[in-house]
2 protein chains.
Amino acid sequence: MNMHITRKVDYAVRCVLFLARNNDRISSVDEISGEMSVPKTFLAKILQRLMKTGIVNSTRGVKGGFQLARGPQEISLLNVVEAIDGAVAMNVCAVDKKMCGFSASCSVHPVWVELREDIRNRLKRWDFAKLAVIKKYQRVIKRDCH
Amino acid sequence: MNMHITRKVDYAVRCVLFLARNNDRISSVDEISGEMSVPKTFLAKILQRLMKTGIVNSTRGVKGGFQLARGPQEISLLNVVEAIDGAVAMNVCAVDKKMCGFSASCSVHPVWVELREDIRNRLKRWDFAKLAVIKKYQRVIKRDCH
DNA sequence: TTTAAATAGGACTAATTTAGTCCTATTTAA
DNA sequence: TTAAATAGGACTAAATTAGTCCTATTTAAA
Ligand code: FES
Ligand code: FES
């Protein structure tokens, strides 16, 4: 079980958060990448993905940039995570397709399905309106983070 | 967010499950790997890890092999997952250590912490006594798995 | 109408992680 | 003494992640 946030997802989440906080105007890749110290071309790719999945709108040309496609409260963390990573799923079957459907011998299957639902539900509960106003994490965390 | 079970964890879980179901005797790597169609040398490494983390006991020499170090009901899925992958943690901080502790600007932090706890709690709830007797998954699943 | 500032997108590369293999040493029952 | 087993270090191959780079297109404004 690989339980890490990828940079892509991290960047995407923080990017959408930035847009949620500046939703009154259009922001360019340049501005966002500067603000968040994310490689510009990489962020551009991420924004393209968010565009294709209908989370942000883009405007091309001079003065162009990105803006949320709908209200921040209509965008869940799950939306963003699945836009970037595809469907959240833990199943072993993903590893070896032949094992699943043919074999009836996997007792662990329902556990992964259950865990998947836990995670999806939790991510669904957080929307970017909530995230945008959340108290910034003031306490300095050293051990638990790294 | 990378939400897949690695083969290592998959193998480890099924391996411990096998041992739970055959806990009256010692099983060799050869037997387990044959039974589960897992590369033998790779499984050996995994069992070494499970050994070091106190989940299984080993007996060396002829007639040697592995056995659970304690009752199946005393071994949680979390135990096995963390034995193989290390601490379950999602924090972005893991990606860029400099970001955490220095910056107080990450609103998403508490979300990952919360999600982490969800996952750990769920994994903690499943022990291998429960898993060993679980109804084998009979329904053929095609779409949701792959 | 030209230009410069922007996104769109394909093709590529580098770095890291995952998934192993291979070999040698050690232990131990027969 | 030998053969069947685990222990463990060092290595390799494959896959994924994290990017870069280049060219095309769009568009506001000089
Ligand atoms: S067969 Fe689907 S998780 Fe095991
Ligand atoms: S600083 Fe720890 S998750 Fe953002």
Side-chain angles (χ1 to χ4, degrees), chain A residues 1-15 19 25-34 36-67 69 81 84-86 90 92 94-97 99, chain B residues 1-15 19 25-34 36-67 69 81 84-86 89 92 94-97 99:
Chain A
M1 190 156 56
N2 190 325
M3 272 302 173
H4 288 130
I5 295 153
T6 58
R7 295 201 187 191
K8 237 177 181 167
V9 166
D10 178 26
Y11 294 162
V13 168
R14 281 157 52 192
C15 173
L19 292 175
R25 59 190 178 81
I26 286 178
S27 313
S28 71
V29 173
D30 224 25
E31 186 194 357
I32 307 172
S33 86
M36 313 197 320
S37 24
V38 169
K40 190 181 156 178
T41 59
F42 194 38
L43 184 62
K45 293 292 184 197
I46 291 167
L47 278 159
Q48 276 177 34
R49 198 89 242 295
L50 293 174
M51 167 75 188
K52 274 190 196 154
T53 50
I55 292 171
V56 304
N57 284 333
S58 74
T59 313
R60 296 178 69 166
V62 179
K63 302 260 176 186
F66 297 86
Q67 206 164 11
V81 167
I84 300 298
D85 273 0
M90 319 222 52
V92 187
V95 170
D96 184 11
K97 296 176 184 177
M99 289 309 292
Chain B
M1 190 157 59
N2 190 324
M3 272 304 173
H4 289 130
I5 294 152
T6 58
R7 295 201 189 191
K8 236 176 181 169
V9 166
D10 178 27
Y11 295 162
V13 168
R14 281 157 51 193
C15 173
L19 292 175
R25 59 190 179 81
I26 286 177
S27 313
S28 71
V29 174
D30 224 25
E31 186 194 357
I32 307 171
S33 87
M36 312 195 321
S37 23
V38 169
K40 189 180 156 179
T41 58
F42 194 38
L43 184 63
K45 292 293 184 196
I46 291 166
L47 278 159
Q48 276 177 34
R49 199 89 243 296
L50 293 173
M51 167 74 187
K52 274 189 196 157
T53 49
I55 291 170
V56 303
N57 283 333
S58 73
T59 314
R60 296 177 71 166
V62 179
K63 300 261 177 188
F66 296 87
Q67 207 165 11
V81 168
I84 300 299
D85 274 358
V92 187
V95 170
D96 184 11
K97 297 176 185 178
M99 290 308 292

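Taking side-chain N and O atoms only, B:S58 has a distance below 4.0 Å to OP1 or OP2 of D:dA7. Contact between the side-chain N/O atoms of A:S28 and the OP1/OP2 oxygens of C:dA5 is not found at any separation under 4.0 Å. In terms of phosphate contacts, B:Y11 brings no side-chain nitrogen or oxygen within less than 4.0 Å of OP1 or OP2 of C:dA19. Using a 4.0 Å cut-off, some side-chain N or O of A:T41 falls inside it from OP1 or OP2 of D:dT20.
If you take CG on A:L19 and CG on A:L47, they are separated by 6.5 Å, rounding to the nearest 0.5 Å.
In terms of position along DNA chain D, the nucleotide closest to B:M51 lies nearer the 5' end than the nucleotide closest to the other residue of the pair B:M51 and A:K8. With the nearest nucleotide of DNA chain C identified for both B:V62 and A:K52, A:K52 has the one nearer the 5' end.
Taking atom NZ on B:K45 and atom P on C:dC23, their separation rounds to 13 Å, with Å as the unit. What separates CG of B:D30 from P of D:dA5 is a distance of 7 Å, to the nearest Å. Taking atom CZ of A:R49 as the reference point, atom P of D:dG19 lies 18 Å away to the nearest angstrom. The CZ-P distance, from A:R7 to D:dT20, rounds to 11 Å in whole Å.
Checked for salt-bridge contact, B:E31 and B:K40 miss the test: no charged N lies under 4.0 Å from a carboxylate O.
Judged by atom type and distance alone, A:R60 reaches the base of D:dT25 through a side-chain donor-acceptor pair under 3.5 Å.
The nucleotide whose nearest atom lies closest to any side-chain atom of A:F42 is, among D:dA7, D:dG19, C:dA8, D:dG19.
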Reading DNA chain D 5' to 3', what string of ( ), [ ], | and . shows its pairs, if Watson-Crick and G-U wobble pairs count only when both distances fall under 3.5 Å?
||||||||||||||||||||||||||||||
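Among the atoms of the strands shown, base atoms are found under 4.0 Å from some heavy atom of B:G61.
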